[in-house]
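What follows is a single structure, written as structure tokens, with notes after it.
Values reported hereafter were calculated over all heavy atoms of this structure, with side chains retained and with hydrogens, waters and symmetry mates removed.
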Amino acid sequence: EGVALTGPAPNAAPPQHLEPGHIPPVEITILGPASVRAPGLLEPDRVALATELVIYLAVHPGGVHPNVLSAALWPRGVAADVRDAAVARITEWLGTDSIGRPHLAADASGRLRLGSGVRVDWQVFQGLAGHAELALLGSAEQEDYLARALDLVQGQLLDGRPPGRYAWLATGELEYEVTARVADTAHQLVGLRLASGDPQGAMDAARAGLRLAFDDELLWRDLLRAAHQTGQEELLRAVVGEICARTALDEVLPRMAPETESLIDDLYPSWRTTEIGRAHV
């Protein structure tokens with residue numbers, strides 16, 4: 001089950017970043033393809049390193065000491081002047097806010113950090129999920145916050161990152177935390193929509209979570225329950241087929257979780273006699 005997480009913080013992102021339609025001067029996405037949208041220009045050969053550096057700062061909002069940054073992005077070592085030159089270029093790339101403050105700067109302690117004008121999809125996700133927890137249970141407001149959070153999820157965490165980069169992911173808890181929070185948010189929205197008689201909406205919520213948390217068995221079971229509640233057997237059969245295909249991708253243990261298999265037995269008893277079931281067995 002992993003380590004229990006504290007609740008998402010409603011103040012994880014500035015309030016204006018949570019407003020629908022807000023267009024920030026700098027935008028960072030990690031809930032899908034890794035990207036940084038900035039107003040400045042940068043040589044194409046420098047974009048990969050610059051993107052990783054900005055994302056590293058984005059997921060460490062408390063600030064990062066330059067020596068820690070060096071160890072994370074240049075694990076084989078880097079001269080201080082090379083690192084500082086890279087930071088200077090990236091600072092120019094990100095630009096300044098409306099009153100001339102750089103979007104990337106060092107604080108009084110020397111830690112590098114991003115300014116409040118930089119919108120990070122992961123921080124916005126946490127803010128929306130945090131507001132959902134504060135909303136009235138089962139309310140339209142709660143559903144709206146959860147749905148807006150899941151709309152930010154566009155694929156696997158840092159999808160498409162270049163080989164050999166982002167090695168620092170393996171030493172932290174970001175991957176676990178992002179996956180767990182996305183799965184939990186999707187599971188909550190599935191429950192709300194099933195309770196309100198919206199199984200198709202519940203399926204959409206489960207699929208939104210699976211875009212990132214592809215291996216989360218609870219979400220696959222949510223998808224099964226929602227498909228069953230539509231009353232369309234062909235839809236349920238298609239989901240069972242997806243689960244069997246996904247299970248077959250596991251080279252280590254190509255079997256679905258017992259809870260998932262028993263749920264299929266309950267919702268679709270004849271599945272083992274179908275072509276899908278025979279292939280799975």
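The hydrophobic clustering, which links ILVMFWY residues whose side-chain heavy atoms are closer than 4.5 Å, places I30 and Y176 apart.
The shortest distance between side-chain heavy atoms of E259 and R221 falls below 4.5 Å. A 4.5 Å side-chain heavy-atom check between E177 and W122 finds at least one atom pair inside the cut-off. L128 is listed as a side-chain neighbour of L152, based on a closest heavy-atom distance under 4.5 Å.
Here the closest non-hydrogen pair linking L219 and G209 is CD1-C, 3.7 Å. Counting all heavy atoms, side chain and backbone alike, M203 lies closest to T230 at SD-CG2, 4.1 Å. For the residue pair W220 and I243, the shortest heavy atom distance occurs at CE3-CG1, 3.4 Å.
Between R148 and E143 there is no salt bridge, since no side-chain N of the basic residue sits under 4.0 Å from a carboxylate O of the acidic one. A salt bridge does not link E242 to R246: none of the charged nitrogens lies less than 4.0 Å from a carboxylate oxygen.
Remark: W168 pairs with Y56, Y166 by the ring pair (Phe, Tyr, Trp, His ring centres under 6.0 Å) rule, at least two apart or across chains.
Taking CG of D84 as the reference point, atom CG of L69 lies at 9.5 Å (rounded to 0.5 Å). Within the model, atoms CZ of R37 and CZ of R119 stand 9.5 Å from one another, a figure rounded to the nearest 0.5 Å. Interatomic distance, CG of L158 versus OG of S35, reported as 10.0 Å (0.5 Å rounding). One distance of note links CD of Q156 with CZ of R211; it measures 11.0 Å at 0.5 Å rounding. Remark: L236 CG to R225 CZ distance equals 12.0 Å, nearest 0.5 Å. Atom CG of N67 is separated from atom CZ of R83 by 5.5 Å, given to the nearest 0.5 angstrom.
For E92, the CD atom is loosely surrounded, since the number of other residues' heavy atoms within 6.0 Å does not exceed 12.
At a cut-off of 3.5 Å, with distance as the only test, a side-chain donor of S109 or D107 sits close to an acceptor on the other residue. In summary, the side chains of R101 and T96 do not present any donor paired with an acceptor at a separation below 3.5 Å, with no hydrogens or angles considered.
For the salt bridge (Lys or Arg N to Asp or Glu O under 4.0 Å) criterion with E52, the lone passing option out of R46, R165, R161 is R165. Considering R193, H187, R207 as possible partners of D222, the one that fulfils the side-chain hydrogen bond (donor to acceptor under 3.5 Å, both in side chains) test is H187.
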Using a 3.5 Å cut-off and no angle test, enumerate the donor-acceptor pairs between side-chain atoms of residues 9-24 and protein atoms at least two apart in sequence or in another chain.
from: H17; atom 1: NE2; to: S116; atom 2: O; distance (Å): 3.1

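In the hydrophobic clustering (ILVMFWY side chains linked at under 4.5 Å, chained through shared members), L137 stands by itself.
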